[in-house]
Amino acid sequence: MKVEIVKLDDFGRGICFVNNKVTFVPNTIPGDIVNIKIVKENKKYNEAILIDLVKSSSKRIDAPCPYFGICGGCSLQTLPYDLGISYKKDKVINYFKKMGLIINPSLITNDTPYNYRNKITLKVVNGVVGYYKLNSHSVVEVNKCLLAEECINDVISIVCGMGIINGEVIIRSNYKSEILIIINSKDKINTTNISNNIKGIILNDEVIYGNDYFYEEINNIKYKVSYKAFFQVNRNVASKMFKLVEDFTNNDDCVLDLYSGVGTLGLSASKKAKNVLGVEINKDAVDNANQNAVINNLNNAKFIYSDASNIKNIDVSFNKLIVDPPRAGLSTHVIDFINKKLPDEIMYISCDYHTQARDLKLLDNYEIINSYICDLFSYTYHVECICFLRKRKWFNLKKIFLCLYPVREFCYDYDRLLDEDEFDHCYKVLNECIEKRYRENGYQVVFAMYPEKNIFGVIPDATDKIITTDVSFEEATKKDEDKVKYPSEEYLIKQLGDFDTIVIGGFHFADCVKRVAEYCYNQGYQTLVDLDLTDLFYSVHRIREYFDIYEYDPREYKEFMIQSMSRNLPKEVVEKIFLNSYASPVYGMFDEEKLASKKNI
């Protein structure tokens, strides 16, 4: 079946269409005309294999690797390097856009796109040493990998002579071309033919030769790296990434580094930061990181052994955060932790941009201010993505919470409606709501009252300032609507002084809340309306309903406000200025039987 490849998917496979169905073809690139065979049909797509190349794309180059198309490693070797990294950039941008996130990342390229890997993992099956074939567990014999550093390739022949029949071999190298060999096998190992640059051999987690660590050095920082500890596989690109960490940090910063490994990012930050705390679940890596801080005289850095994904139990003060999670991304605990602590800036490094985009959608208190595509894994479809986040301006503004005409429902003989215990409980919940939601988040809490203060008498402790209206309560509540005088919005707002952002709440008087919100918005202030206090006192509304005082249902309050304000403001703007519900409802806090007994008083 002859088809034309039109683009690449996220995994570097060519895409064509067979009877209008998406069909994936490995080892092809856009512009290729090829004969294919469909090997698997699914409801929404097909999987095919390349039979032969009818006409090469004008972009195609010859793959230099003799194992290309056989081993499952490099899928992009037939693309020129610049087109390969452009493909990676485009696929990240497009996926972020699909998730509703707009980025324009800069590229961090690999100066040595071949022979850059300082770690490879070889499979050994029936004495054959190599890589798994694509989509199989059979092994293709490999004596040289073009992605691996030359010192690693030199050791492959030594590994082949160790007598391993079945198992797995990891070869790691450092900046001095020194080697660690990590073997998992039940076979007896021959270590007689060992070169001088091999610093350690570890068999089934036991050292059988030399040491279980070596030293790495990047950007003038030396790292002790245990055989199990994670370290970036591309030294060249990693050095550029670590420089971004340095630039991210200022002298007075307190930095938290989650998933800190052997301290590569945290120690890079500690060059300028006031202090750095790293959190890592691999105990060997934590030991390495603390030793590395000592080795480099970076005494402002400390690393602790803990699960970064369960960070909720760690109490630490910081203004900047670095996260470099595994492919699964950030756990819900970490997301909740960030949204609670709200550091000023975040550097999020990810080896899976799908989970990164998912997480960024959950961190909606932040905006993406910069991003990078890092070509850590040249000629493969894998890509590292870095996003720099900054807390939205909302959190850096001078903020006011303005409560209009507080506790309106308590105006008339409230002690007759509520007994003392019920009133105290209601007051406590109100105070807690305002304290936790506003005072603890940097708001000045202001209550607007009528001049006749004696008719109210309920002002929460969490109050910074009281302002008054320019009309009396009597003038504002006349039964004859033609004679009603409404408080002046301008008069109220002038009493607040300088501010950038205002949240307006109230217990009733929907029209007053609406008018003040409209005024503030039209004056250019960032304006939100918090209806939760009305919901909070829903029980009080219900009490008044028992006495047939009014029939208004506060559950309709929010929709009424949206419809009413939409007459003067764009609806999409109105919908944005409503906060989410605050989780401190007091529904059911009153005794229903006791209320019913009072109805006929």
Side-chain angles (χ1 to χ4, degrees), residues 1-95 107 109-110 112-117 120 122-123 125 128-148 153 373 375-383:
M1 181 185 303
K2 187 164 73 171
V3 296
E4 181 176 359
I5 305 300
V6 294
K7 59 182 178 179
L8 296 177
D9 76 346
D10 281 2
F11 303 100
R13 298 176 299 181
I15 294 178
C16 65
F17 293 89
V18 176
N19 297 325
N20 294 321
K21 185 187 286 188
V22 171
T23 302
F24 301 110
V25 189
N27 304 321
T28 60
I29 66 170
D32 281 345
I33 297 175
V34 295
N35 284 318
I36 64 169
K37 178 183 179 181
I38 294 176
V39 293
K40 188 175 182 180
E41 293 189 49
N42 294 284
K43 186 175 181 180
K44 294 184 178 180
Y45 64 91
N46 300 320
E47 295 180 37
I49 57 173
L50 174 66
I51 300 300
D52 57 54
L53 188 62
V54 177
K55 183 179 179 181
S56 296
S57 167
S58 60
K59 302 171 184 176
R60 177 178 280 271
I61 61 174
D62 292 334
C65 178
Y67 313 110
F68 177 78
I70 305 173
C71 105
C74 315
S75 57
L76 302 181
Q77 283 196 17
T78 53
L79 271 181
Y81 180 74
D82 58 337
L83 294 182
I85 56 175
S86 293
Y87 149 75
K88 294 181 182 185
K89 178 179 178 179
D90 289 343
K91 73 174 183 175
V92 173
I93 290 174
N94 290 336
Y95 187 79
L107 286 173
T109 58
N110 186 2
T112 54
Y114 284 111
N115 302 119
Y116 61 85
R117 286 191 65 98
I120 65 170
L122 299 171
K123 307 296 180 180
V125 177
V128 178
V129 179
Y131 294 136
Y132 280 146
K133 292 181 180 178
L134 184 64
N135 298 324
S136 80
H137 283 91
S138 60
V139 173
V140 54
E141 186 172 9
V142 171
N143 52 42
K144 181 177 183 179
C145 175
L146 292 185
L147 299 191
N153 284 319
I373 298 299
D375 190 31
L376 273 172
F377 315 102
S378 301
Y379 292 115
T380 76
Y381 65 82
H382 297 290
V383 59

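Numbers here simply count residues along the sequence, with the first being 1. Note that this is a predicted model, so its numbers are computed, not measured.
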Which atom pair, heavy atoms only, marks the closest approach of [X] to [Y]?
X	Y	answer
Ser378	Leu147	O-CD2, 3.9 Å
Gly69	Asn27	CA-ND2, 3.6 Å
Leu76	Thr380	CD1-O, 3.2 Å
Tyr67	Val142	OH-CA, 3.6 Å
Thr23	Val18	OG1-CG2, 3.5 Å
Tyr381	Gly12	CB-N, 3.9 Å

(message) Does any part of the side chain of Leu8, heavy atoms only, come nearer than 4.5 Å to the side chain of Leu79, both counted from C-beta?
(response) yes
When you measure from the side chain of [X] to the backbone of [Y], do you find a donor-acceptor pair of N or O atoms at a distance under 3.5 Å?
X	Y	value
Asn46	Glu41	no
Asp9	Phe11	yes
Thr78	Arg60	no
Gln77	Cys65	yes
Lys21	Asn42	yes
Asn153	Cys145	yes
Tyr81	Thr109	no

(message) List the residues meeting side chain to side chain contact (heavy atoms under 4.5 Å, CB included) with Tyr132, not counting sequence neighbours, and say none if there are none.
(response) Lys123, His137, Val139
(message) Taking ring pair (Phe, Tyr, Trp, His ring centres under 6.0 Å) as the definition, give me every residue that meets it alongside Tyr87, ordered by chain and number, with sequence neighbours left out.
(response) none
(request) Please list, chain by chain and in numerical order, all residues satisfying ring pair (Phe, Tyr, Trp, His ring centres under 6.0 Å) with Phe17, sequence neighbours excluded. (result) none
(request) Please check if atom CG in Asp62 has more than 12 non-hydrogen atoms from other residues, nucleotides or ligands closer than 6.0 Å. (result) no
(message) Which label fits His382 and Phe377: parallel for a plane angle under 30°, tilted from 30 to 60°, or perpendicular past 60°?
(response) perpendicular
